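Keep in mind the model is a prediction, meaning the values are calculated, not measured.
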Amino acid sequence: RLSPSRVANSPRRSAQQNHLQRPLRLFPCTSMAHRKAAVSTAPVKRLCIKNFAVPVPASTQDDSLETLTQAVAAIYAQRPTAQSLNSLYSVAETSCIAGKDAAIYAGLQQQCSAHLHERLAFLIKSLKLDSLEFLQAVCGVWTLHCEQLVLIRSIFAYLDRTYALKTQGVDCIWEMGLRLFLANVLADRLIHGKVVAAILALVEQERQGNAINRALLKTSVRMLRDVGTYATSFESGFLAQSATFYKEESQRLVNELEPGRYLAHVDRRLREERERVELCLDGGSLRGLMAILDQALVRDHLASLLERGLLSMLQTDRLDDLRLVFSLTARVDALDQLRDAFCACVKSSGAEIVTNHMRDKTMVDDLLQYKQRMDAIVAGPFTRAELFTNALKDAFESFINQRHNKPAEMIAKYMDTKLRTGYKEMSDEDLEGLFDRVLILFRFINGKDVFEAFYKSYLAKRLLLSLSSSDDLERSVLLKLKAECGGSFTAKMEGMIKDTAMSRDITQAYRQFVSSRESLATSIDVSFSVLTLSNWPTYAPSPLTLPPELAAIQESFQQFYTLQHGNRKLVWQAALGFCVLRADFPLGTRDLHVSLYQAAVLLLFCKDDTLSYSAILAATSMDEKALKLTLLSLACGVARVLSKTPKGKEIGSEDVFQVNSKFKSVHKKVKINQIQQKETEEEQEATNEKVFQDRLFTVDAAIVRIMKMRKTLKHTQLVGEVMAQLRFPIKMTDMKKRIESLIERDYLERDAQDQQTYKYVA
């Protein structure tokens, strides 16, 4: 057992004596095993060593307090201390151990307060200075006070760690210094008010574009924050000043600047304010300041900015400005407002493309380019946000159906142009991608039956006149349409392609049939297209008396087909035929690619050099309108293989025609415009009329289906439900006609008590 006296007599502890709180039990060191056993079984004891309170004479205590007082006075007077800081620390520590810590703390507080009173008097005299100079003076006093406080705290660190830390209601030396600075300096209203005003003036100057002393701004703000008056005395004024400044600035600039430049200015202001807060002000002010800027610079003027500038930005593809618009509206939670404005702009620009009759020829190309541009904007500046993706879809679906039927017709015609032979601007792979984009436009169309009718008509001409550039492309497009609209949509078109393939086999079988019969042998290479009537468009009868050579071939094919399919009847469509004639002109031999109508007329001149209009009409038995168009293409077109008397651009019944002996061409093969390939207004009207009739049947079916399920319905309810089921627009007058037609055919009847109520007739 160690006695306390042996520990106390240690030479190393002469200044600070220790004693044992509990005795420490030691065991004899007989063996390592015994020691381990003893340690493991004995209870654990704590060894607590405390300093002995060594009595210090009163005279020494007084000298120590005086030494510390003089050291603090020297620090405040900015003079060197008589002793080193280590020595002063030891004196302060010894005095605290001796029980003088309360007196030391009170004296230190009194000295600090007295010194700050002197500084207060100096600052009161400085009030006459301008705000910037006065702020520099206050910051100078503050900076010096903080430096002196650091030195004082290093001397009285022991006091800080013991007395100030353990005594309730007593601040540490640093907190005491800040509290006294507030109580003795900034508590003066004139000083504090001028300091806050000067800081606000600095911020105002920097906002106006002037260079300021940011170090001074940072120091002054830190002073207010450290003494605890930043939030109560400065922040509220700062935010109020910011709201006023930016409200006035925004009202001035929103009318002076173009919207794109104004938004760039707003973005710059936001970055400047964030940087100022992060570098000079308290971070807690950022949220309130950003809310003020969002309201004053963005939210208050957003509607006006979108109305004035968004359409121009979209039309000129100003992606940076659009990206800025999106980010700023997202800041203020106004994306719904931006979406509505975006949708309205897209509708406006798109409607200009669709409703302008002068742009019909370029409508689809313009729509594709416009869709590509809008997709790039949604994917780029608008970050593929679902809100804007859906808005773009709704906008296209709205404006593309403003002009009934025409967009569907033009899309069908556009695809026909790309699928025809001679179109070599794009490879097959590029055409596949183009058709994918075209089908996106197709999805927006309500009248898909109009597209079906026109596309079917164009497909028929491509197949019958061998104008299709690729069978694989034709099938690929049909597969895309089938995936989009279902098998019933493309069933007849697929049947048309199948008929074309079967016609090749039939032609090959006919050639074998002719080759086995010498009486039918001919030097003319001929092919036939045998079409299933239900798959193909309906064509008007086309009377034509064929030349004897062609008439004999037609008769032999009739015999062949009757032998193969006795129960089937062939109806000949001469308007869809075409020929290649070899013509010997005085200036050279040329191969003429002409229609069957044109061939019938030209072959008449093999026997006669000159023929009148009436003679040609009698020999061909053609319809007069078709004959005039045919003669017009031969005598007045680009390739004038015939000449007429009198000269002119119109065909008259008294005209006389003869072979143009002066005809020449640099091309071996001369293609004469085939009139039947040109879509006439009558054909367009016929197609539209057929679509209209098909729609009437669809309306009738929808009305009967609804009434069969509901049994009784009001007129308005019936109309609403029918309109909801139809995928195409219909006029109310047409709707009423269909209802009346169904009443006449005893599908419906009116209620005897209420004429606006219909009943289903079983």
Next item on the list: Examine distances only and state if a side-chain atom of Glu258 and a backbone atom of Gly260 form a donor-acceptor pair shorter than 3.5 Å.
Entry: yes

Item checked: Flag, side chain of Gln136 to backbone of Leu216, donor-acceptor distance under 3.5 Å -> no

Check: Is the count of non-hydrogen atoms from other residues, nucleotides or ligands lying under 6.0 Å from Glu307 atom CD greater than 12?
Finding: no

Item checked: Validation row: Val138, Ser220 side chains within 4.5 angstrom (heavy atoms) -> no

Item checked: Closest heavy-atom pair and its distance - Leu314, Met374 -> O-CE, 4.0 Å

Check: Is the backbone of Phe122 close enough, under 3.5 Å, to the side chain of Ser126 for a donor and an acceptor to pair up by distance?
Finding: yes

Checklist line | Greater than 12 external heavy atoms within 6.0 Å of Glu484's CD | finding: yes

Notebook entry, point to check: Considering only heavy atoms from C-beta outward, does the side chain of Arg323 approach that of Asp320 to under 4.5 Å?
Noted result: yes

Next item on the list: Please indicate whether Glu386 has more than 12 foreign heavy atoms, meaning atoms of other residues, nucleotides or ligands, lying under 6.0 Å from its CD.
Entry: no

Check: What are the two closest heavy atoms between Leu310 and Phe342, and how far apart are they?
Finding: CD2-N, 3.6 Å

Margin query: Nearest 0.5 Å, please: how far is CE in Met223 from CD1 in Ile199?
Written below: 5.5 Å

Note to self: Testing the 3.5 Å rule here: is there a donor-acceptor pair between the side chains of Tyr370 and Glu352?
What the structure shows: no

Check: Is it true that atom CZ of Arg384 has more than 12 heavy atoms of other residues, nucleotides or ligands lying nearer than 6.0 Å?
Finding: no

Next item on the list: Would you please name every residue forming a side-chain hydrogen bond (donor to acceptor under 3.5 Å, both in side chains) with Thr143, sequence neighbours left out?
Entry: none

Notebook entry, point to check: How about Met176 and Tyr105: do any of their side-chain heavy atoms sit closer than 4.5 Å?
Noted result: yes

Notebook entry, point to check: Is it true that a side-chain atom of Asn401 and a backbone atom of Phe444 form a donor plus acceptor pair closer than 3.5 Å?
Noted result: yes

Note to self: If you compare all heavy atoms of Met313 against all heavy atoms of Asp321, which two are closest, and at what distance to 0.1 Å?
What the structure shows: SD-CB, 3.8 Å

Margin query: Quick check on Lys480: does its NZ atom have over 12 non-hydrogen neighbours (other residues, nucleotides or ligands) under 6.0 Å away?
Written below: yes

Next item on the list: Check whether any side-chain N or O of Glu273 sits under 3.5 Å from a backbone N or O of Leu289 as a donor-acceptor pair, and report yes or no.
Entry: no

Check: Once you round to the nearest 0.5 Å, how far does CG of Leu338 lie from SG of Cys345?
Finding: 9.5 Å

Check: Any side-chain heavy atom of Gln78 within less than 4.5 Å of one from Leu144?
Finding: yes

Checklist line | Interatomic distance, Leu116 atom CG to Leu186 atom CG [nearest 0.5 angstrom] | finding: 10.0 Å

Next item on the list: Quick one: pull up OG1 in Thr389 and CG in Asp394 and give me the separation to the nearest 0.5 Å.
Entry: 11.0 Å

Next item on the list: Of all the heavy-atom pairs spanning Ser233 and Val196, show the shortest one and how long it is.
Entry: O-CG1, 3.8 Å

Next item on the list: Go through the steps to decide whether Thr81 and Leu151 satisfy the test side chain to side chain contact (heavy atoms under 4.5 Å, CB included), and finish with yes or no.
Entry: CA-CA 11 Å; Thr81 56; Leu151 290 175; over 6 Å; no

Margin query: So does Ala344 get a backbone contact from the side chain of Ser348, meaning a donor-acceptor N/O pair under 3.5 Å?
Written below: no

Note to self: Donor-acceptor check, side chain of Ser84 to backbone of Ser87, threshold 3.5 angstrom: yes or no?
What the structure shows: yes

Checklist line | Minimum side-chain heavy-atom gap Glu118-His115 below 4.5 Å | finding: yes

Item checked: Phe156 CZ to Ser95 OG distance, which is reported to the nearest 0.5 Å -> 8.5 Å

Checklist line | Salt bridge Arg268-Glu272, side-chain N to carboxylate O under 4.0 Å | finding: yes

Next item on the list: Kindly determine whether Thr362 and Arg359 satisfy side chain to side chain contact (heavy atoms under 4.5 Å, CB included), including the steps that lead there.
Entry: CA-CA 5 Å; Thr362 61; Arg359 301 178 67 173; 4.1 Å; yes

Note to self: Could you go through Asp160 and Trp174, starting from their C-alpha distance and side-chain angles, then the distance that decides it, and tell me whether this counts as side chain to side chain contact (heavy atoms under 4.5 Å, CB included)?
What the structure shows: CA-CA 9 Å; Asp160 225 8; Trp174 180 260; 5.8 Å; no

Check: Any donor and acceptor pair, going by atom type alone, linking the side chain of Ser327 with main-chain N or O of Leu324 inside 3.5 Å?
Finding: yes

Next item on the list: Would you confirm whether Arg261, through its side chain, and Glu256, through its main-chain N or O, come within 3.5 Å as a donor-acceptor pair?
Entry: no

Check: Which distance, rounded to the nearest 0.5 Å, do you find between the CZ of Arg225 and the CG of Leu281?
Finding: 9.5 Å

Check: Any idea which heavy atoms bring Tyr89 and Ser154 closest together, and the distance?
Finding: CD1-O, 3.8 Å

Note to self: Check Arg373 with Asp317, please: is the shortest side-chain N to carboxylate O separation under 4.0 Å?
What the structure shows: yes

Next item on the list: Might you confirm whether atom CZ of Arg287 has over 12 heavy atoms from other residues, nucleotides or ligands at distances under 6.0 Å?
Entry: no

Checklist line | Heavy-atom side-chain contact between Leu306 and Val325 under 4.5 Å | finding: yes

Next item on the list: Mind checking side-chain contact (heavy atoms from CB on, under 4.5 Å) for Ala395 and listing every partner two or more places apart, or none if nothing turns up?
Entry: Cys343, Val346, Lys347

Margin query: Do the side chains of Glu249 and Arg269 get close enough for a salt bridge, i.e. N-O under 4.0 angstrom?
Written below: yes

Note to self: For a side chain to side chain contact (heavy atoms under 4.5 Å, CB included) check, start with the C-alpha distance between Trp142 and Asp226, then their side-chain angles and the critical distance, and finish with the verdict.
What the structure shows: CA-CA 11 Å; Trp142 163 257; Asp226 289 349; 3.6 Å; yes

Next item on the list: List the atom of Val277, the atom of Gly283, and the distance in Å for their closest heavy-atom pair.
Entry: CG1-CA, 4.0 Å

Notebook entry, point to check: Ignoring hydrogens and geometry, is there a side-chain-to-backbone donor-acceptor pair from Tyr262 to Leu297 under 3.5 Å?
Noted result: yes

Check: Does the side chain of Phe382 reach to within under 4.5 Å of the side chain of Leu387, using non-hydrogen atoms?
Finding: no

Notebook entry, point to check: Is any side-chain heavy atom of Phe388 closer than 4.5 Å to a side-chain heavy atom of Leu335?
Noted result: yes

